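These numbers were taken from a predicted model, which means no experiment stands behind them. Chain identifiers are assigned alphabetically (A, B, ...) following the order of the sequence lines, protein sequences preceding nucleic acid strands; residue numbering begins at 1 within each chain.
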Amino acid sequence: MTPNEKHIDLITGYLQDSLSDAQQQEFDRLVRAGKIDMAEVREMEVHFRQLGDLPSPEPDPAMGERFHAMLQQEKEIRRREEEMQQEEMQQEEKNLSQPDQKRQERETAGRTPLLRFIPGLFPSGGTPRIRHMQTAASIAAVFLAGLLLGLLYPGRGTHDQQIQQIAAEVHDLREMMMISLLDESSAAERLRAVNISMEIPSPQEHVIFALVQTLHFDPNVNVRVAAVDALVHHGSHPMVREELVRAITRQPSPMVQIALADAMIALQEPRAAREFQKLLEQEEMEDPVRDKIEQTLLVLL
Amino acid sequence: MSDPTSDKALMMQVKNGDLDALGVLFERYHHRLFGFFYRLTSRRDISADLVQDVFERILRYRTSYTGNGDFATWLFQIARNRHADHYRKMEKENEWEHPDVPHPAASNPAASHPNAPHSAGPHPAVPDSALPDTDDRLLLEQALARLDPDKKQALVLSRMEGFLYREIAEIMACTESAVKVRVFRGLQELRQIMAGLERQTGRKRIHPN
């Protein structure tokens with residue numbers, strides 16, 4: 001060990017010209033006292049300076065072209081996504097207008113128990129989109145027809161009871177629709193199903209289970225990310241936290257891993273810390289994911 | 001009010017969907033990143049791939065950008081991790097990187113051209129050089145290429161990229177003291193390697209004043 005090794009802090013500060021006045025005085029004192037070998041420091045200083053003088057290599061112009069091609073491609077993907085979102089919104093608007101068209105039919109047919117009556121409204125044929133539009137329409141129809149029923153037959157129970165009954169039926173229908181959409185082959189439909197689940201205030205066990213299955217097994221990463229958000233929405237359910245924590249080391253997708261990190265912060269779930277630490281031990285982890293998880297651990301620990 | 005053309009402001013724009021802002025950041029940083037990777041790998045093709053990889057990741061994970069800390073430090077953190085992944089992958093696949101030019105003792109001067117064919121040597125990396133070399137510069141580049149990765153990174157980030165020790169500690173995920181030790185030992189080692197190369201090639205280095 002050379003004498004200079006005892007003063008690495010001062011010597012490296014001297015090399016980078018970052019010594020404070022007090023440190024500079026201490027450095028000078030040690031040099032005068034022979035405690036710092038200035039000959040070695042000078043030689044280091046020369047090499048250090050020379051390193052800064054080495055010419056930086058010039059990148060090929062092709063690198064810029066490659067980057068801009070990638071950027072262009074990403075912009076195109078984004079444009080398509082926006083178009084799809086717009087189409088979805090238009091579709092939603094159409095769905096909302098559908099009940100108005102059917103209201104008159106329902107009003108004349110509303111004297112039988114509603115849920116028993118509904119299967120008759122759904123023909124087995126038609127595209128999934130049409131079937132689901134019909135389901136959506138029926139939810140509103142059930143609600144409206146129920147109201148009408150209440151008005152026509154006030155003697156069959158209190159108004160509040162009837163409203164509660166209708167609300168329960170709408171709730172059930174929404175769950176049915178969600179489960180049915182989750183079976184669709186189209187990722188957009190499954191995404192819709194997950195979004196519908198967020199509109200269900202207190203979902204039954206089988207709805208939570210379906211969301212958990214989606215989180216673990218859906219082939220589409222966007223659907224899995226949406227499932228994470230939906231499960232956070234139902235974070236008070238006992239199964240949810242456990243399954244979200246379990247998913248941390250199971251999910252290969254960085255996007256889902258980031259969504260899970262956000263979820264664990266939102267739920268303040270300390271059990272997640274251990275799973276994230278396991279994840280950090282994996283060598284092939286994407287850098288932004290690693291950063292995100294490290295930040296998450298700071299919050300959770 | 002913050003500067004809308006600052007790195008951070010541009011990155012926030014990227015995060016919010018204005019992807020063109022990433023083009024500005026690319027123009028600002030790709031040269032430096034290329035230099036950084038080149039000093040670590042001594043390969044132009046790998047360095048270009050790694051730069052592309054860094055920007056691809058920024059683009060893919062733009063929504064996770066928080067805006068905390070200095071942008072350049074964050075960028076070089078990603079760059080360093082990308083290099084580490086690349087290094088591990090190469091080790092796993094047992095694919096030793098062939099530098100763009102042969103060992104310095106090789107007699108063919110044309111081989112120092114960046115377009116010269118790759119050659120395998122006993123050492124992992126000996127850099128190419130597009131400009132006519134002085135003996136000293138060549139020697140220094142060769143010695144730098146032989147330093148161990150951590151010391152090399154500390155020296156490159158400190159002297160060539162102009163980061164403070166505190167920032168390098170953040171990039172290298174270690175303490176500031178560890179960075180200083182790496183710089184110190186790196187310079188010591190550099191001197192020894194250069195002395196060895198001088199003996200090997202029979203050259204005598206001219207020491208600048």
Partner chain B: residue of R42(A), Q295(A), R66(A), E74(A) with the largest heavy-atom pair count (under 4.5 Å)
R66(A)
Heavy-atom pairs under 4.5 Å with chain B - which of G52(A), G64(A), S18(A), P59(A) has more of them than the others?
P59(A)
Look only at the side chain of [X] and the backbone of [Y], and say whether a donor-acceptor pair between them is shorter than 3.5 Å.
| X | Y | answer |
| --- | --- | --- |
| Q16(A) | G162(B) | no |
| Y165(B) | T12(A) | yes |
| R159(B) | F48(A) | yes |

Below 30° counts as parallel, above 60° as perpendicular, anything between as tilted: where do the rings of F67(A) and F26(B) land?
parallel
Given a strict heavy-atom distance threshold of 4.5 Å, which part of [X] is in contact with chain B: side chain, backbone, both, or neither?
| X | result |
| --- | --- |
| L51(A) | both |
| D262(A) | neither |
| E58(A) | both |

Find the distance between [atom1] ([X]) and [atom2] ([Y]) and round it off to the nearest 0.5 Å.
| X | Y | atom1 | atom2 | result |
| --- | --- | --- | --- | --- |
| H47(A) | E189(B) | NE2 | CD | 13.0 Å |
| M63(A) | H30(B) | CE | NE2 | 4.5 Å |
| D53(A) | R137(B) | CG | CZ | 10.5 Å |
| R32(B) | S56(A) | CZ | OG | 10.5 Å |

For S64(B) and P288(A) the tightest heavy-atom approach is OG-CB, 4.1 Å
Of all heavy-atom pairs linking L71(A) and G23(B), the shortest is CD2-N, 4.1 Å
Check this for me, if you would: do K75(A) and D20(B) make a salt bridge, where the nitrogen-to-carboxylate-oxygen distance has to be below 4.0 angstrom?
yes
So, the part of L19(B) with a heavy atom under 4.5 Å from chain A: the answer is both
